[in-house]
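Only this structure's heavy atoms are used, side chains among them; waters, hydrogens and symmetry mates stay out. Chain letters run A, B, ... following the sequence lines, proteins first and then strands; every chain starts at 1.
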Amino acid sequence: MTVSRFDWTTAPSSQIATVARSLLGWELSAGAVRLRLTELEAYRGSDDPASHAYRGKTPRTAVMFGPAGVAYVYFVFGMHWCLNVVVEPAGRAAAVLLRAGEVVSGVDVARGRRGLQVADRDLARGPARLAQALGVDGSLTGTSLLDGPIRLGPGDAPVGPILSGPRVGVVGGADTPWRFWLAGDPTVSPYRPHTPRRRR
DNA sequence: CGCAGGATTTGCT
DNA sequence: GCAAATCCTGCGG
């Protein structure tokens, strides 16, 4: 299936999985760091219990209800930022979580942010790691990924097979196979089933 | 290698 | 008050 340059900004929610899959291999750049996306997850709005927008529009999720092509950056577990692309026209919420990538440029800058001991393949291997490698934080929520400080654009099409499976770390919607990744790519994050936290 | 536990803040119930 | 679209470390086999 061919996806032309910016189809994903107008695709209907029924095609969000296709949109997420089609963004594999695209390139994301922020300053000196550029990476090639190797793992993504699709999140829909009101009918997707795993989505932050499931319970409606709040100050936090407001940008998900806005126009496609902007960044939705959220904060989790008191310490990590994760980067999404909003992928539907204003009025309906949906986003694609950018989960992992291969750093193809600016490796030294990315390592400076992530830690000097971090192996190349681990620089952006996971959503919070990817955001940290790019220097992304919540202040970038709402900025355009087509025309802003972070840029998302087409890269070389993936050559190998694309696999899909359940999304990582979610409770509701755990059976929906909306995680997509490049088969065999070393920068794809390890899959961890959701484990409830114990009380203390 | 796998698994378990803890860090640490926010947003919503 | 509690759970969270995670990551890192330490321990055991």
message: Side-chain N or O of A:R114 versus OP1/OP2 of C:dC7: is the shortest distance under 4.0 Å?
response: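 Answer is no, no contact under 4.0 Å.
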
- request: Ignoring backbone atoms, establish whether A:H80 has a side-chain N or O less than 4.0 Å from OP1 or OP2 of C:dC7.
  value: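 No, A:H80 has no side-chain N/O under 4.0 Å of OP1/OP2 on C:dC7.
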
message: Under 4.0 Å, heavy atoms only, any strand: does A:A50 hit a base, just the sugar-phosphate, or nothing?
response: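 Since a base atom lies under 4.0 Å of A:A50, the category is base.
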
message: Heavy atoms only, 4.0 Å cut-off, all strands: where does A:R179 land among base, sugar-phosphate and nothing?
response: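 Nothing, no nucleic acid heavy atom in range.
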
Answer whether the closest heavy-atom distance between the side chains of [X] and [Y] falls below 4.5 Å.
X      : Y      : value
A:T143 : A:V70  : no
A:W178 : A:R21  : no
A:Y43  : A:R167 : yes
A:W81  : A:L140 : no
A:L130 : A:L28  : yes
A:R129 : A:T187 : no
A:L24  : A:L40  : yes
A:V168 : A:Y191 : yes

message: Heavy-atom count check: over 12 atoms from other residues, nucleotides or ligands less than 6.0 Å from A:D175 CG?
response: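 No, the 6.0 Å shell around CG holds no more than 12 heavy atoms from other groups.
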
- request: Answer yes or no: are there more than 12 heavy-atom neighbours, outside A:F75 itself, under 6.0 Å from its atom CZ?
  value: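 More than 12 heavy atoms, drawn from other residues, nucleotides or ligands, come within 6.0 Å of this atom.
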
- prompt: Do you know the tightest heavy-atom contact between A:L123 and A:R114?
  reply: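 Closest pair (atom of A:L123, atom of A:R114, distance): O-NE, 2.9 Å.
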
task: Kindly express the pairing pattern of DNA chain B in dot-bracket notation, using | wherever a base pairs with another strand and counting only Watson-Crick or G-U pairs under 3.5 Å.
output: |||||||.||||.

Whole-Å distance separating the [atom1] atom of [X] from the [atom2] atom of [N]:
X      : N     : atom1 : atom2 : result
A:R129 : C:dA5 : CZ    : P     : 18 Å
A:L98  : C:dT6 : CG    : P     : 14 Å
A:R192 : C:dA5 : CZ    : P     : 14 Å
A:L97  : C:dT6 : CG    : C1'   : 11 Å
A:R167 : C:dA4 : CZ    : P     : 14 Å
A:Y191 : C:dC7 : OH    : C1'   : 17 Å
A:Y74  : B:dT8 : OH    : C1'   : 16 Å

- request: Mind running side-chain contact (heavy atoms from CB on, under 4.5 Å) on A:S189 and A:R179 for me, showing each step along the way?
  value: CA-CA 11 Å; A:S189 69; A:R179 173 177 179 240; 3.8 Å; yes

message: So if I take every side-chain heavy atom of A:V171 and compare against C:dT6, C:dA4, C:dA5, which nucleotide ends up nearest?
response: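 For A:V171, the side-chain atoms sit closest to C:dA4.
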
field: Minimum-distance nucleotide (side-chain atoms of A:V168 versus C:dC8, C:dA5, C:dT6)
entry: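 Minimum distance to the A:V168 side chain belongs to C:dT6.
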
Within residues 118-127 of chain A, residues whose heavy atoms come under 4.0 Å of DNA chain C: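 Of all residues in residues 118-127 of chain A, the ones placing a heavy atom under 4.0 Å from DNA chain C are A:G126, A:P127.
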
Between the protein and nucleotides 9-13 of chain B, which nitrogen or oxygen pairs are less than 3.5 angstrom apart?
from, atom 1, to, atom 2, distance (Å)
B:dC12, OP1, A:T58, OG1, 2.2

